[in-house]
2 protein chains.
Amino acid sequence: MITLTPAAAADRAGVSIDTLRYYEREGLIGPIRRSAGGRREYTEDDLFWIGMVTCFRDAGLGIADLRGFVAILRAEHSPQERVVFLRERRAALEQRVAALCRAMEVLDEKIAYYS
Amino acid sequence: MITLTPAAAADRAGVSIDTLRYYEREGLIGPIRRSAGGRREYTEDDLFWIGMVTCFRDAGLGIADLRGFVAILRAEHSPQERVVFLRERRAALEQRVAALCRAMEVLDEKIAYYS
DNA sequence: GTCGGATCTGGAGCGCGCTCCAGGTCAAGA
DNA sequence: TCTTGACCTGGAGCGCGCTCCAGATCCGAC
């Protein structure tokens, strides 16, 4: 199985090595497999998962939110529970979008005023 | 002129009194007029401005961003400069919306999978 | 006048999400 | 074998955006 070094993984994920380790400590990713010497070896699966985490982080979800997300997707939960949780998260994101849209409207007003 | 006490203003703005003072210290609002005894008296204009600030804060802009915003709207800048600045801010907000949409797509996939 | 609640100030404290550091280990190349 | 650089761990430090606190002041109600 082809794996990536921490530096390569961080580069691919667009975050720092420290951040990757931090996410692992927080239980957001991994645990990442280690080489005989103790170095982390990131698989494509790891990278995929990391991509999901960074996607949500970019969207502004907090570490605690993501821990919940991980728990829901990994642990034993009924599909119903998962769907409820996921829909809640989605609604929260929609509210953020709404807040952004309000702010953009204000900006548009100002832009129109000064144009 | 009818004015509001700090408590009333904070209530109307949906933030804490401390936050209002903090915003004033940071130059995001005010300076708020004071009564003879030194208490703040918030006018409707103040409230309007505070509403704009909280709108942008809700949208995720940082204090530094808002300071820039205030500077642009208050100080002597040409309309062109203002428009450039405002468009930049708008573009940044659009990127946030895009990030949120990506995250929502991921959620939608998961929701579809578990439904 | 007195009481009590709201407000004042300057500054300390806090939770979040990293980021950095010291001191040590591992491993590829000369 | 030796060097060099990437990586390891645990823990400290940091910037942001508040939030809280102590100690003082103000002011409406009694």
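Every chain is numbered from 1, with letters handed out A, B, ... down the list of sequences.
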Exercise. So does B/Gln95 have more than 12 non-hydrogen atoms from other groups sitting under 6.0 Å from CD?
Worked result: no

Exercise. Can you find a heavy atom in the side chain of A/Tyr114 that is under 4.5 Å from one in the side chain of B/Val83?
Worked result: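 In contact.
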
Exercise. Is there a side-chain contact between A/Met104 and B/Val97 (heavy atoms, below 4.5 Å)?
Worked result: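 The answer is yes; the side chains approach within 4.5 Å.
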
Interatomic distance where [atom1] belongs to [X] and [atom2] belongs to [N] [whole Å]:
| X | N | atom1 | atom2 | answer |
| --- | --- | --- | --- | --- |
| A/Ile17 | C/dC21 | CD1 | P | 15 Å |
| B/Arg40 | D/dC26 | CZ | P | 15 Å |
| A/Ile63 | C/dT19 | CD1 | P | 11 Å |
| A/Arg34 | C/dC26 | CZ | C1' | 13 Å |
| B/Tyr22 | C/dG10 | OH | P | 16 Å |
| A/Asp18 | C/dT19 | CG | C1' | 6 Å |
| A/Arg25 | D/dG10 | CZ | P | 8 Å |
| B/Leu20 | D/dC18 | CG | P | 11 Å |

Side-chain N or O of [X] closer than 4.0 Å to phosphate OP1/OP2 of [N]:
| X | N | result |
| --- | --- | --- |
| B/Thr19 | D/dC18 | no |
| A/Arg57 | C/dC16 | no |
| B/Ser35 | D/dC26 | no |
| A/Thr5 | D/dC7 | yes |

For this session: Would you mind telling me which residue lines up with the more 5' stretch of DNA chain C, A/Tyr23 or A/Gly38, judged by nearest nucleotide?
Result: A/Tyr23

For this session: Answer with yes or no whether A/Arg39 presents, from its side chain, a donor or acceptor under 3.5 Å of a partner atom in the base of C/dA27.
Result: no

Exercise. Does the D/dT9 base have a donor-acceptor partner in the side chain of A/Arg21 within less than 3.5 Å?
Worked result: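 Check fails, no donor-acceptor contact within cut-off.
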
Exercise. Within the side chain of A/Arg39, is there an N or O that forms a donor-acceptor pair under 3.5 Å with the backbone of A/Thr5?
Worked result: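 Between the backbone of A/Thr5 and the side chain of A/Arg39 there is no qualifying donor-acceptor contact (under 3.5 Å).
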
Exercise. Is a side-chain donor or acceptor of B/Trp49 paired with a backbone partner of B/Leu28 at a separation under 3.5 angstrom?
Worked result: yes

